[in-house]
Amino acid sequence: MKFELDDEIGQKRAFFKGLKGLFVMKVFLIAGARPNFMKIAPIYREALKHRRVQCSIVHTGQHYDYEMSEAFFEDLELPKPDFFLSAGSGSHAVQTAKIMVAFEELCRNEKPDLIIVVGDVNSTLACSVVAKKLLIEVAHVEAGLRSFDLAMPEEINRMVTDAISGYFFVTEESGAANLIKEGKSKDRIYFVGNVMIDNLFYQVGKLNGKMSEQFATAKIKEKLEYYAFLTLHRPSNVDTKSGFSEIIEALNLIAAKMPILFPVHPRTKKMMDEFNLRLSNNITLFSPLSFKESLFIWKDAKVVLTDSGGLQEETTALGIPCVTIRENTERPITIKMGSNILAGTKKTSILKAFEEVLIKPREQFRVPPKWDGKAAERIWKILLKK
Ligand code: UD1
C-alpha cells in the first residue's frame, strides 16, 4: 500500500505553520494494525474540534494489504496518514524493530509534544518505547486491560506500554483496578469509556438502507433467515494444526445447525491452506471485509463467534450474543454484562457455549458505564486540561 501526501494534508500543514506564536499541542496519533484504525477515527475527528491541537496520523505499516488498511481509512472517513512508516510483516522482533527505527527518526525530525497509542499491537509498544526514551509524553488509550496470559504477544505489549505511559485512558473498571494493583498513581488513570464504541455508534448511524444494498454480501444476508458470524485470527487458535482442527470441528458442527459467515484474516487463510483444513459447505468464506460491511452482517447475526478483542466489546454494546473462542479475556466486563461467554478452545466447550448463549434472554444484557460514544471527547478534555 502506498500512502502519498495529498493536497489536503499539505494545506493542513501550511495552516499550522501559519499559527506560529500561538500555543499548539503537536500530537502524533499512532495506528498500525486493523483494530487500531477504528480506535483512532473518533480521536482524530474530535481533535479537529480543538484549535490548539495539531494532530497527525502516523501509520506504521504493520498492516498493509488494501483490505486490512487503506479500505479502513476510506470506510472510517480518516484522511490519508500524515506519515507512513512502511514497517510491514516479519517476526515480532523484526516488525517491532523496523517500526522503532523509523519512528525514532520521525520523532527526531518532527518533535511531537505527545503521542497517543491505542490498544495492544506491536505498533503500540514500539512507538511508546521510542517516544518515552526521547522524553515525549505517551497517552495509552485502552490501558490496564490484562488477560494475565504472557503467551499472548498483546499481553506483553499492554504491560510494557502501561509501564511507561503518562496517561492511562481506561475502558472498563478492571483496567483501572489492574493499573492500581501494578502501583500506578490514581491521578494518571482516567475512566473515559471506549473509543471503539464511539466509532461503532458513529458507524451504525451511517449504515443506511441504500448504502447496505451496495455490499456484495447483501444478497447472501438477504437469503438467510438466521446465521452466525465468525472471526478467527489469534496465533494461539490458528498457528497449530491440532488446535485449529479442533476449533474447526466445533465450527463444522455449529454449521450443521446454522449457516456461518466468515471473513478470513490473512494469517488464518495462510494457516488453513498450510494445514489443508476442510470447512463445512455451510460456512461461507469472504476476504477481509470493510468495517461497515462487517458491521452490516454481524449486527443482525443470531450469534457472533470470535477470538477478537474488539468484537467482544462491540457485541456487548449492541446486545448481540457472543461466543469468545479463547481461554481468557482481558475484557471481563463483556462477560459481566451478560452477552459474552468465554468458550475456551476445545470442541465440547465451544459447542456448550454456543448452546448456552442462544438461550440467554437478550433483555438481560447490559451495556457498561460510559460506553456512550463520548470517550474521545473526554480524552481531549483531559489532555487539554479543560
Ligand atoms: C495483529 C496484532 C493483533 C491484532 C491483529 C488484527 C500484534 C502482536 N498482533 O495480528 O493483536 O488482533 O493484528 O488483525 O500486533 N498479513 C497480510 N497482510 C496484512 C497484514 C498481515 O497478509 O496487511 C499476513 C502476513 O502474512 C503476516 C500475518 O498476516 O505475517 C500476520 O500479521 P501480523 O501483523 O504479524 O499479525 P496479526 O496476526 O495480523
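As the structure lists them, so they are numbered: ligands from 1, and atoms in each ligand from 1. Keep in mind it's a predicted model, so treat the numbers as computed, not measured.
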So if I count the atoms of ligand 1 from 1 in the order they appear, which ones are less than 4.0 Å from some heavy atom of [X]?
X      : answer
His92  : 8 (C)
Ser89  : 21 (C), 25 (C), 27 (C), 30 (O)
Met68  : 14 (O), 23 (O)
Lys270 : 26 (O), 30 (O)
Gln62  : 1 (C), 7 (C), 15 (O), 34 (O)

Inset, instruction - For residues Met272 and Arg267, determine if any side-chain heavy atom of one lies less than 4.5 Å from a side-chain heavy atom of the other. - result: no
Among all protein heavy atoms in this structure, tell me which lies nearest to [atom], with the distance rounded to 0.1 Å.
atom                    : value
atom 4 (C) of ligand 1  : His233 NE2, 3.7 Å
atom 19 (C) of ligand 1 : Tyr64 CZ, 3.6 Å
atom 2 (C) of ligand 1  : Val121 CG1, 3.8 Å
atom 24 (C) of ligand 1 : Pro266 CB, 3.7 Å
atom 8 (C) of ligand 1  : Asn122 OD1, 3.2 Å
atom 18 (N) of ligand 1 : Asp65 OD2, 2.8 Å
atom 3 (C) of ligand 1  : Glu154 OE2, 3.1 Å
atom 14 (O) of ligand 1 : His265 NE2, 2.8 Å

Is there a donor-acceptor pair under 3.5 Å between the side chain of [X] and the backbone N or O of [Y]?
X      : Y      : value
Tyr227 : Ile297 : yes
His63  : Ser69  : no
Thr334 : Glu313 : no

Have a look at ligand 1 and work out which part of [X], if any, has a heavy atom under 4.0 Å from it: side chain, backbone, both or neither.
X      : result
His63  : both
Ser69  : neither
Arg267 : both

Inset, instruction - Before signing off on this row, confirm whether Arg34 and ligand 1 have an N or O atom pair separated by under 3.5 Å. - result: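 Between Arg34 and ligand 1 (N or O atoms, distance only) the closest approach is not under 3.5 Å.
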When you look at [atom1] of [X], are more than 12 heavy atoms from neighbouring residues, nucleotides or ligands closer to it than 6.0 Å?
X      : atom1 : result
Lys26  : NZ    : yes
Tyr226 : OH    : no
Lys184 : NZ    : yes

Legend entry - Residue pair Lys80, Glu70: steps toward the salt bridge (Lys or Arg N to Asp or Glu O under 4.0 Å) verdict: CA-CA 8 Å; Lys80 287 177 184 161; Glu70 212 171 331; over 6 Å; no
Inset, instruction - List the steps, then state whether side-chain contact (heavy atoms from CB on, under 4.5 Å) holds for Phe286 with Phe262. - result: CA-CA 6 Å; Phe286 306 95; Phe262 181 22; 5.6 Å; no
Legend entry - Ring geometry between Phe37 and His59 (parallel below 30°, tilted from 30 to 60°, perpendicular above 60°):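 Answer is tilted, since the angle falls between 30° and 60°.
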Legend entry - Six-ring centre of Phe365, Lys360 cation under 6.0 angstrom, axis tolerance 45°: no
Legend entry - Shortest heavy-atom approach to atom 6 (C) of ligand 1 - which of Ala33, Gly88, Pro35, Ser91: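 The residue whose heavy atom sits nearest atom 6 (C) of ligand 1 is Pro35.
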